[in-house]
There are 2 protein chains.
Amino acid sequence: MDHTAPQSPAGLSTTPSWLLNQTASHAARLLSEGFAAHDLRGYHYRLLATLAEDGPASQADLGRRCGIDRSDVVAAINDLAGRGLVVRAPDPADRRRNVISITDAGTDEARRMAATVERAQADLLAPLSGTEREQLTRLLTRLLHHHSRH
Amino acid sequence: MDHTAPQSPAGLSTTPSWLLNQTASHAARLLSEGFAAHDLRGYHYRLLATLAEDGPASQADLGRRCGIDRSDVVAAINDLAGRGLVVRAPDPADRRRNVISITDAGTDEARRMAATVERAQADLLAPLSGTEREQLTRLLTRLLHHHSRH
DNA sequence: TCAATACGTTGGCCGGACCAACGTTGGTTG
DNA sequence: CAACCAACGTTGGTCCGGCCAACGTATTGA
């Protein structure tokens with residue numbers, strides 16, 4: 001049989017995008033499992049964490065900061081507000097906007113979730129030394145930076 | 001929260017899992033766009049590439065090799081077979097199995113898609129030097145290895 | 001022989017990401 | 001001032017990847 005392996009000697013398993021995808025998928029699974037204990041999902045954590053760090057913001061702003069679509073922000077904020085982790089109030093200065101603020105309960109939850117995330121992180125990076133973790137972070141950051149501004 | 005962060009937005013944007021997720025997401029978008037030109041998706045490529053490299057296999061085997069669920073393999077193989085890129089034949093030696101073989105057209109398509117993938121790869125890794133790409137690949141492979149043998 | 005396992009298949013669910021459209025409100029410009 | 005365009009929140013979808021439960025058929029092994 002003319003088993004002429006094209007130009008991919010070792011196939012998928014060495015393709016950077018494949019490796020990225022797989023490791024990211026694994027990381028996401030770890031996070032997702034952690035979040036499940038809080039009965040929340042990734043979107044909720046991103047929003048909560050951003051609110052805890054950067055303070056109140058409009059939904060559109062939140063979406064931009066978290067990389068979440070406006071329409072998806074609506075639903076997630078609904079959930080968070082329904083749990084009292086967040087408050088949605090009309091912006092008197094601009095009646096198109098809602099100002100979203102984190103509540104004390106929300107701050108607590110954010111802190112707990114951050115701990116969960118940190119555990120997942122440690123688990124994920126277990127096989128890497130400190131230097132290697134730094135390397136990885138640097139490389140990924142470079143990639144992200146390069147591609148996010150075009 | 002103690003602000004141990006310099007001026008760079010702390011929080012999410014430095015979390016390895018976040019960086020992984022974002023870069024992987026970007027890579028997936030690049031690939032997806034490339035695949036769209038072939039009117040196929042990621043699953044199709046994985047299957048086609050695996051068949052081209054490793055030869056015929058049962059659907060269950062394919063699923064295991066590609067990391068695709070049996071049930072999803074069915075649909076994807078249906079698509080590929082419907083296009084004549086692949087042939088599904090009952091295995092005479094084990095009547096539970098279907099043997100999936102790639103056709104000549106399939107091999108061609110696999111080659112073309114591989115080229116597309118390589119372009120996406122180059123695009124993705126553009127900002128990195130050869131050494132850095134190697135570093136990244138090595139780190140990701142380490143992570144994957146460690147976590148895949150759970 | 002009978003139970004356990006593997007296979008292909010159907011049909012469903014979830015999470016993340018994205019898009020189009022609408023009505024409302026704000027800003028700009030003519 | 002009026003007209004227009006842009007931004008906002010919201011609704012209601014689509015898509016893809018990943019996963020699971022269940023069924024009938026076929027195979028294996030105890």
Side-chain angles (χ1 to χ4, degrees), chain A residues 12 17-18 20-36 38-47 57-81 86 88-100 148, chain B residues 12 17-18 20-36 38-47 57-81 86 88-100 148:
Chain A
L12 291 182
S17 71
W18 168 261
L20 264 174
N21 199 350
Q22 291 302 103
T23 52
S25 169
H26 197 82
R29 208 173 52 78
L30 282 177
L31 278 182
S32 182
E33 285 169 2
F35 290 159
H38 302 259
D39 211 47
L40 289 172
R41 291 167 299 133
Y43 277 11
H44 300 125
Y45 171 66
R46 295 198 218 168
L47 291 168
S58 74
Q59 298 181 194
D61 257 41
L62 277 176
R64 277 183 290 261
R65 292 192 214 166
C66 302
I68 302 181
D69 190 89
R70 273 150 59 207
S71 60
D72 298 319
V73 171
V74 176
I77 292 295
N78 282 346
D79 297 344
L80 294 175
V86 132
R88 184 194 257 125
D91 184 344
D94 184 342
R95 291 180 7 236
R96 292 173 300 180
R97 289 185 166 90
N98 289 333
V99 175
I100 311 298
S148 67
Chain B
L12 290 183
S17 71
W18 168 261
L20 265 173
N21 200 352
Q22 290 303 103
T23 53
S25 170
H26 197 81
R29 208 174 52 79
L30 282 177
L31 280 183
S32 184
E33 283 168 4
F35 290 159
H38 302 258
D39 211 49
L40 288 172
R41 292 166 300 136
Y43 277 11
H44 300 126
Y45 171 66
R46 293 198 219 168
L47 292 168
S58 74
Q59 299 182 193
D61 257 41
L62 277 176
R64 278 184 289 261
R65 293 192 213 165
C66 302
I68 302 180
D69 190 272
R70 273 151 58 207
S71 59
D72 299 319
V73 171
V74 176
I77 292 294
N78 283 345
D79 297 344
L80 294 175
V86 133
R88 183 194 257 126
D91 184 345
D94 184 341
R95 290 176 12 235
R96 290 172 301 180
R97 289 183 167 92
N98 289 334
V99 175
I100 311 298
S148 66

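The sequence lines fix the lettering, A, B, ..., with proteins before strands; numbering per chain opens at 1. Any value given below was found using the heavy atoms of this structure, including those in side chains, with hydrogens, waters and symmetry copies removed.
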| message | For dT9(C) and Arg88(B) - does any side-chain N or O of the residue sit under 4.0 Å from the phosphate oxygens OP1/OP2? | response |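 For dT9(C), OP1/OP2 do have a side-chain N/O of Arg88(B) under 4.0 Å.
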
Which whole-number value in Å describes the distance from [X] [atom1] to [N] [atom2]?
X: Ile100(A); N: dC8(D); atom1: CD1; atom2: C1'; answer: 12 Å
X: Asp39(B); N: dC15(D); atom1: CG; atom2: P; answer: 12 Å
X: Asp79(A); N: dT10(D); atom1: CG; atom2: P; answer: 13 Å
X: Gln59(A); N: dT10(D); atom1: CD; atom2: C1'; answer: 9 Å
X: Leu20(A); N: dG17(D); atom1: CG; atom2: C1'; answer: 16 Å

| Verdict with reasoning, Trp18(B) to Arg46(A), per side-chain contact (heavy atoms from CB on, under 4.5 Å) | CA-CA 10 Å; Trp18(B) 168 261; Arg46(A) 295 198 218 168; 3.4 Å; yes

| said: Under the criterion side-chain contact (heavy atoms from CB on, under 4.5 Å), I'd like the reasoning laid out for Leu20(A) against Leu20(B): C-alpha separation, chi angles, the key distance, then a yes or no. | reply: CA-CA 7 Å; Leu20(A) 264 174; Leu20(B) 265 173; 3.8 Å; yes

| task | Take nucleotides 10-19 of chain C nucleotide by nucleotide from the 5' end and write B, S or -, depending on whether a protein heavy atom sits under 4.0 Å from the base, only from the sugar-phosphate, or from neither. | result | BB---SSBBB

| message | For nucleotides 25-30 of chain D, give me one character per nucleotide, 5' to 3': B if any protein heavy atom sits under 4.0 Å from the base, S if the only such contacts are to the sugar-phosphate, - if neither. | response | -BS---

| task | Could you give me the CA-CA distance, side-chain angles and deciding distance for Ile100(A) and Leu47(A), then say whether side-chain contact (heavy atoms from CB on, under 4.5 Å) is met? | result | CA-CA 10 Å; Ile100(A) 311 298; Leu47(A) 291 168; over 6 Å; no

| field | Carboxylate-amine/guanidinium proximity below 4.0 Å for Arg41(B) and Asp79(B) | value |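 Between Asp79(B) and Arg41(B) there is a salt bridge, with a charged N closer than 4.0 Å to a carboxylate O.
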
| query | Who passes ring-ring contact (aromatic ring centres under 6.0 Å, His included) against Tyr43(A), sequence neighbours left out? | reply |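 Listed in chain order: nothing, the list is empty.
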
| field | Set of side chain to side chain donor-acceptor pair (under 3.5 Å) partners for Asn21(B), sequence neighbours left out | value |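 For Asn21(B) there are no side chain to side chain donor-acceptor pair (under 3.5 Å) partners, ignoring immediate neighbours.
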
| said: Going by the rule side chain to side chain contact (heavy atoms under 4.5 Å, CB included), which residues pair with Val73(B) if we only count those two or more places apart in sequence or in a different chain? | reply: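 Partners of Val73(B) by the side chain to side chain contact (heavy atoms under 4.5 Å, CB included) criterion, ordered by chain and then number, come out as Gln59(B), Ile68(B), Ile77(B).
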
| request: Give every residue pair that meets the salt bridge (charged side-chain N to carboxylate O under 4.0 Å, His left out) criterion with at least one member in residues 57-66 of chain A, sequence neighbours excluded. | output: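 Pairs touching residues 57-66 of chain A that pass the test: Asp54(A)-Arg65(A), Asp61(A)-Arg64(A), Asp61(A)-Arg65(A).
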
